[in-house]
Structure formats: C-alpha cells, structure tokens
Amino acid sequence: MAGGKMKKEKGKPQQHTPYQGGISFHKSKGQHILKNPKLVDAIVEKAGIKTTDVILEIGPGTGNLTKKLLELGKKVIAVEIDPRMVDELRRRFQGTPYSNRLTVIHGDVLKTELPYFDLCVANIPYQISSPLTFKLLGHQPAFRCAIIMFQREFAMRLVAQPGDKLYCRLTVNTQLHSRISHLLKVGRNNFRPPPKVDSSVVRIEPRKPRIEVNQKEWDGFLRICFTRKNKTLGAIFRQKNVISLLEKNYKTVQALKLSQDGPMKETETKMDSSHVDYSIDDERMEMDDITDDDDEMEVEDGEAGEMQSEFKSKVLGVLKEADFDEKRSSKLSLQEFLYLLSLFNKAGIHFC
C-alpha cells in the first residue's frame, strides 16, 4: 500500500502544472490554456465579432480569451466545469467595466441547456469534441458560426473532401448540417501545459436553410455505406446481413402502409445528437452484426432464400440504376449520398 501511495505522489507533477496565479491545470481533464497572445488575437480576428453579438465561450479557463471577447462583443456567456476556474474568472472581472456583460455558468457543457448566442468560441477538452460538435449543430435557433479548437486529426476529418484519407462518416454527417473550413494550425507549445498533439482551429457555419433528412434513417444509411469505406457499394450491399436488415425494414414499412388508408407519410426529424456517436477512428466502425465473413455469403436455398434473393436484386438494382454499384463511399460527395438515399427511399427501401 505504501509503495502505491509513493507512486501516486510521484505522478502528481505530470498531471498538474502550476499557473502563475496559483491554479494547477489538470492534463487528465484536458486543461491546456493558451499562453500565446498572438494566437488569441488571431482567433478573435477570425471570429468576425460584431458589437451586437452574444458570444458563447466554452472552457474559458482563466479568462485570457474571455477578455478579448468582452472587449468586442455585447455579452459573453462562459461555460466552465472546473469550480476553481469559475472562481478565477469571476475574480478577474469583478469590479471591471466588463462584469455586467459576463455570465459565468458552472457546469458540464454537454449537460447544460445552452441559451441564445450568435457566436461560439471554444478551446475544449478533446475528449468531448464529437458530442459537443453535434450538440452545437442541433442548437436552435441556429447560431452564425463557431470557432473551435480541436485536436488536429479530428479537425482534418471535419474538413476532409471525398478521396481524402481522413474522409469518413463523421465528415459526411457534419457537412450535412454545416459548412466547415480550416483556419489555423496550432502547435502544442502554444499551450500551458503542452498537450501531446497539435491542434487546429476550424470555423463551423450551420447550413441555412437546413438540409432536411430523417436523421435516424440517414445515420443508418451511412453506417452501412461506411462499414468498409474502400469497398464498392455493390460489395457492401450484397452482404447477407445487410440484405436481411433492409428486407426486415421493407416488410415493416409495407405492413404499416397496409394498415393505413393510403401511403404512409414520411416524417422529418430534427437532429438529435443523443443518438449520433462518432469516434476519432470512425472509418473503422462497423455496423452491428456485419462482419467481413459475410462479404461473399449467399442466401439460403428454398422459399425464404428465393424471397431474399428477389429483394437482394431490388437493392442491387437501385445501385446499378445510377451507376453506384462500383463506387466507393470514400469518394462519394454529400450530394451523391443524398441522391442515393432518395433512390432507395423511392424504391421503398429504408434504413431505420
């Protein structure tokens, strides 16, 4: 037990880096504070702040960026999870002309109901990159833009184009809801303490108007397409478990149509980030119950096999109709994915 305690004490300096004001930063919580004032200025400049803007800042830390935002905007709403940072932030601006224009919310941004804001500026813990991105994109009313610092690899996935190595399901889904551009590459030595990886600042602008899709169906569709993004779509949709899943959905839809007077009405759903799960290794994510062993599996003989074979021809026919059977998800544009989904839906094939 004593040996364990000694090791733990030895490890403390690696986890906490003293701040000049007496605050220690926790690497384990993703606390890396920008120390380069020129970089802070560059981020503020890229944000294009107006004097009427309400600015949401996520992870303000000790307030270096907060001060710049207060100088230019109408109001800053800062969300901070660390109570020590909350106290430091309030102390720093107490009694200044900015105090009435700063609202500090102590809480987890992922669990906090966010108020109205025009702009979002954030230097966030990298472990919340994906859920935070989709929480922001689901926020209503839509904000003008967000300037966010991400781990560089995650940022490059967001801005990837068809054919790029990092192009993945995360890319397509974020670009469905927003336009994203890369602004700045940020070296690790610009932070105190320095993280293990480089960072990038990106600009996210929600699409106005939104591209309307049934989000659950869209997500199910992309999950299948990206089970192996470098395989042809014909090979992916030929898999037995994919055919079985789609046929089950098809029969459910047909049964619903029969139970109603007239065709079933399609309903649009607002994006709900709670069911969207993307990881940094997104392109390796497979759809449940699909394995490589299924690639060449043929359907069973008999009546059930004949029915599935007929449905399989229907599915593959959709792909061939617009020459998608030999194409790969890694090289399809957002518009092509939307078009292919519309062809499947037109044929009565659904993904949720």
Side-chain angles (χ1 to χ4, degrees), residues 134 137-138 162 167-177 210-229 231-258 260 263-279 282-291 294-295 297 299 307-325 327-352:
F134 285 96
L137 289 176
Y167 190 71
C168 60
R169 188 167 63 94
L170 168 68
T171 313
V172 179
N173 221 312
T174 49
Q175 293 182 11
L176 171 73
H177 299 290
R210 287 172 174 261
I211 298 175
E212 294 296 336
V213 295
N214 180 308
Q215 184 63 38
K216 289 184 179 180
E217 173 147 49
W218 173 256
D219 190 45
F221 168 64
L222 288 188
R223 281 179 182 274
I224 290 178
C225 290
F226 279 97
T227 51
R228 286 290 186 270
K229 70 176 184 179
K231 285 185 178 288
T232 65
L233 290 172
I236 291 172
F237 279 88
R238 194 174 285 113
Q239 294 178 77
K240 179 183 173 183
N241 283 356
V242 173
I243 295 296
S244 296
L245 174 66
L246 295 182
E247 186 175 23
K248 181 180 177 181
N249 290 346
Y250 181 78
K251 289 178 178 178
T252 300
V253 170
Q254 297 305 310
L256 285 171
K257 284 184 178 180
L258 289 174
Q260 297 173 354
M264 183 182 69
K265 293 181 179 179
E266 294 289 342
T267 58
E268 301 294 348
T269 60
K270 290 183 178 179
M271 190 182 73
D272 176 8
S273 61
S274 64
H275 73 269
V276 183
D277 179 25
Y278 301 97
S279 68
D282 184 80
E283 80 277 8
R284 290 194 283 271
M285 188 181 296
E286 294 184 53
M287 181 185 162
D288 294 342
D289 301 326
I290 296 178
T291 67
D294 293 316
D295 286 354
M297 288 183 80
V299 298
M307 290 176 63
Q308 192 180 50
S309 181
E310 182 179 337
F311 182 76
K312 178 179 179 180
S313 297
K314 184 180 182 72
V315 172
L316 298 181
V318 172
L319 293 174
K320 291 176 181 178
E321 176 186 342
D323 297 324
F324 277 100
D325 53 327
K327 293 183 178 180
R328 292 166 169 77
S329 296
S330 60
K331 296 185 178 180
L332 287 188
S333 67
L334 170 63
Q335 290 71 26
E336 287 175 307
F337 280 116
L338 288 165
Y339 178 53
L340 179 56
L341 179 58
S342 72
L343 291 179
F344 276 123
N345 287 172
K346 186 178 178 181
I349 299 169
H350 293 271
F351 295 82
C352 68

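Because only heavy atoms are used, hydrogens play no part in the values below, and waters and symmetry mates are left out as well, while side chains stay in.
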Spatial distance of atom [atom1] ([X]) from atom [atom2] ([Y]) [nearest 0.5 Å]:
X    : Y    : atom1 : atom2 : answer
E321 : K346 : CD    : NZ    : 6.5 Å
L256 : K251 : CG    : NZ    : 14.5 Å
E336 : L233 : CD    : CG    : 10.0 Å
L176 : Q335 : CG    : CD    : 10.0 Å
Q175 : S333 : CD    : OG    : 10.0 Å
N249 : I349 : CG    : CD1   : 10.5 Å

In the structure I gave you, are the side-chain heavy atoms of [X] and [Y] within less than 4.5 Å of one another anywhere?
X    : Y    : answer
Y339 : L332 : no
F221 : L338 : no
S329 : Y167 : no
L319 : L340 : yes
Q215 : H177 : yes
V242 : V315 : no

Heavy-atom pair with the smallest gap, counting every atom of [X] and [Y]:
X    : Y    : result
L316 : R238 : CD1-NE, 3.9 Å
A347 : K314 : O-CE, 3.1 Å
A322 : K327 : O-NZ, 4.5 Å
I224 : L245 : CD1-CD2, 4.4 Å

Requested in this report: Dump the intermediate steps for side-chain contact (heavy atoms from CB on, under 4.5 Å) on N345 and H350, then the final yes or no.
Outcome: CA-CA 6 Å; N345 287 172; H350 293 271; 3.5 Å; yes
Query - Criterion side-chain contact (heavy atoms from CB on, under 4.5 Å) on K229 and R328, from CA distance to verdict - result: CA-CA 6 Å; K229 70 176 184 179; R328 292 166 169 77; over 6 Å; no
Query - Step-by-step side-chain contact (heavy atoms from CB on, under 4.5 Å) determination, I236 to C225 - result: CA-CA 7 Å; I236 291 172; C225 290; 5.8 Å; no
Query raised in the report: Looking at residues at least two apart in the chain, or sitting in another chain, which of them share a ring-ring contact (aromatic ring centres under 6.0 Å, His included) with F344?
Result: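 For F344 the ring-ring contact (aromatic ring centres under 6.0 Å, His included) partners, ignoring immediate neighbours, are F237, F351.
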